[in-house]
Amino acid sequence: MGGGGGGGGGGEAKIMVAERYKMVALLASVLCLCNADRVVMSVAIVPLAAKYGWSSSFLGIVQSSFLWGYIFSSVVGGALVDKYGGKKVLAWGVALWSLATLLTPSAANHSTAALLAVRAFFGLAEGVAMPAMSTLSSSWFPTHERAKAIGISMGGFHLGNLVGLLLTPIMLSTIGISGPFILFSTLGLLWVTRWASTVTNDPRESPFVTQSELRLIQAGKSNSVANSGKFPPLRLLLSKLPTWAIILSNVTNNWGYFVLLSWMPVYFKTVFNVNLKQAAWFSAVPWGSMAVCGYIAGAASDHLIKAGYPVILVRKIMQSIGFIGPAISLLCLNYAKSPVVAAILITAALSLGSFSQAGYLLNIQEIAPEWAGFLHGLSNSAGTLAAIISTIGTGYFVQWLGSFQAFLTLTAGLYFVTAIFFNLCATGDRVF
């Protein structure tokens, strides 16, 4: 990210890290935990399914159970972030989802109903993470650094897949099923203590921010909007096509993302007979690539905006790469004959898909700065519903048709349609 504001200590020899970088590093680390906590179950579910004799379709229900809570908390969480700020809401969210993570193995031992209930509560707590990240990034970063800030935060999120998929099989085989759940929940609670003592909702409230950094942040903002405290105008939001461009983009992104997240270990096992530990390695590689590509997309976006290109043109370019790329990759995946080719194509789909972070995800703050948390939550809830349908739907498709092909083709078609809709309807101007 751009220089300036690294510290106000003129002649000091020591290097000072700007507060906004520290804040985004904390966001990236908690989003890493956020996703790792989800991924533990997608790996642990394979031995659990073998133990309890679950069918493919029921396996999909277990996979989607965290989404049942997540779908409700996204909108409420977004509105809470708008009203109370991201700091407090995110701290509570992390504390509660860490508790749910800790309870997951006990719940699985108790009953299927208990497991589904705990995973739904876990999803309920996680719903606040994305709106909080979006709103805090907007508060703490000038416009020309915002895409990189989102890229770093989401890079942490994607690396959570890598961490979860790599560590979970090792810990399952050495410590047992409770190992990864205890580790990640403990890290979450340690994160809360650090977050509570160092971060503020607005850089102007922080005792650690230097005047030079504060000037850089404020000078780089096109609009600084204070929330009025009123309830978001839902009917007005839904009456505008740019809102639907964001909602449909979130739906499509979540549809494709959750199919790959939840089903990759199962895909490698059923299609190529690759065992769990190998499947986790195969499945983990794309997420590291996705983190890097997400940052590249953010850096490229910020560079183009700084160079004078219209903001909406940059958003549409990134969104087009982010949806058309995965669509082509998934169509090619239907013809993969080896696990290596499949891993390359899945990596391409996810890596190119990360470019959409610099598209619709940043567009939320541009069209509705006052209600950004709520709009993010609203689009996330729609996306979560799509994720539930696709996660369960994949299980039924595989059970009925005996292959992943039909669902991959359907998902590719959805990517193409949404890319066209976003290019026709999105705007870079403030709408609300």
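FYI, the numbering just counts along the sequence from 1.
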Looking just at side-chain N and O atoms, do T418 and S249 make a donor-acceptor pair shorter than 3.5 Å? no

Can you confirm whether I367 sits close enough to L375 that some side-chain heavy atom of one is under 4.5 Å from a side-chain heavy atom of the other? yes

Taking the ring centre of each residue, are F122 and W68 less than 6.0 Å apart? no

Between V30 and W97, is any pair of side-chain heavy atoms under 4.5 Å apart? yes

Are V43 and L165 packed together at the side-chain level, in the sense that at least one heavy-atom pair is separated by less than 4.5 angstrom? yes

Those residues at least two apart in sequence (or on a different chain) that pass salt bridge (charged side-chain N to carboxylate O under 4.0 Å, His left out) with K88 are none

Backbone of T411 reached by a side-chain donor or acceptor of W255 within 3.5 Å: no

Rounding to 0.5 Å, atoms CD1 (I152) and OH (Y295) come to a distance of 5.5 Å

Pick out which of R430, R146, R315 makes a side-chain contact (heavy atoms from CB on, under 4.5 Å) with E366. R315

Quick one: CG on D202 to OG1 on T200, what's the gap to the nearest 0.5 Å? 6.5 Å

Spatial distance of atom OG1 (T252) from atom CZ (F421) [nearest 0.5 Å]: 10.5 Å

D82 side chain to F374 main-chain N or O, any donor-acceptor pair under 3.5 Å? yes

S74 versus P131: any side-chain heavy-atom pair under 4.5 Å? no

CG-OG distance between N201 and S206, expressed to the nearest 0.5 angstrom: 11.0 Å

Is it true that atom CZ of F272 has more than 12 heavy atoms of other residues, nucleotides or ligands lying nearer than 6.0 Å? yes

Can any side-chain N or O of S354 pair as donor or acceptor with the backbone N or O of S351 at less than 3.5 Å? yes

Would a distance-only check, ignoring hydrogens and angles, find a side-chain to backbone donor-acceptor pair under 3.5 Å from S356 to G359? no

Report the distance from atom CG of L96 to atom OG of S73, rounding to the nearest 0.5 Å. 10.5 Å

Heavy-atom donor-acceptor pair, S29 side chain to L26 backbone, under 3.5 Å: yes

A side-chain contact here means heavy atoms from C-beta on lying under 4.5 Å apart; do Y70 and L124 qualify? no

Find out whether V163 and F184 are in side-chain contact, i.e. whether some heavy atom of one side chain is under 4.5 Å from a heavy atom of the other. yes

Determine, stepwise, if the pair W195 / V94 fulfils side-chain contact (heavy atoms from CB on, under 4.5 Å). CA-CA 10 Å; W195 176 260; V94 177; over 6 Å; no

Would the distance check show the side chain of T104 and the main-chain N or O of A100 forming a donor-acceptor pair, the cut-off being under 3.5 Å? yes

Decide whether S98 and S185 meet the rule of one side-chain donor and one side-chain acceptor closer than 3.5 Å. no

Note: E213-R20 ion pair, threshold 4.0 Å (strictly below): yes

In the structure I gave you, are the side-chain heavy atoms of M133 and M154 within less than 4.5 Å of one another anywhere? yes

Less than 3.5 Å apart, which donor and acceptor atoms pair up between the side chains of residues 321-333 and the rest of the protein, not counting sequence neighbours?
from : atom 1 : to   : atom 2 : distance (Å)
S329 : OG     : G325 : O      : 3.0

Apply side-chain contact (heavy atoms from CB on, under 4.5 Å) to residues V209 and W140 and explain how you reach the verdict. CA-CA 10 Å; V209 175; W140 274 85; 3.6 Å; yes

Could you check Q365 against S134 for side-chain contact (heavy atoms from CB on, under 4.5 Å), going step by step and ending with a plain yes or no? CA-CA 8 Å; Q365 288 286 349; S134 180; 3.4 Å; yes

Look only at the side chain of T168 and the backbone of G164, and say whether a donor-acceptor pair between them is shorter than 3.5 Å. yes

Do NZ/NE/NH1/NH2 and the carboxylate oxygens of K148 and E145 come within less than 4.0 Å? no

Before you tell me yes or no, could you show the steps for Q319 and N423 under side-chain contact (heavy atoms from CB on, under 4.5 Å), namely the whole-Å CA-CA distance, both residues' side-chain angles and the distance that decides it to 0.1 Å? CA-CA 8 Å; Q319 191 65 35; N423 274 282; 5.7 Å; no

Any donor-acceptor N/O pair, S379 side chain to I247 backbone, under 3.5 Å: no

Donor-acceptor pair, distance only, cut-off 3.5 Å: does the side chain of T243 make one with the backbone of S239? no

What distance do Y309 atom OH and K306 atom NZ have between them, rounded to the nearest 0.5 Å? 15.5 Å

Short side-chain to backbone donor-acceptor contact, N254 and A387, under 3.5 Å: no

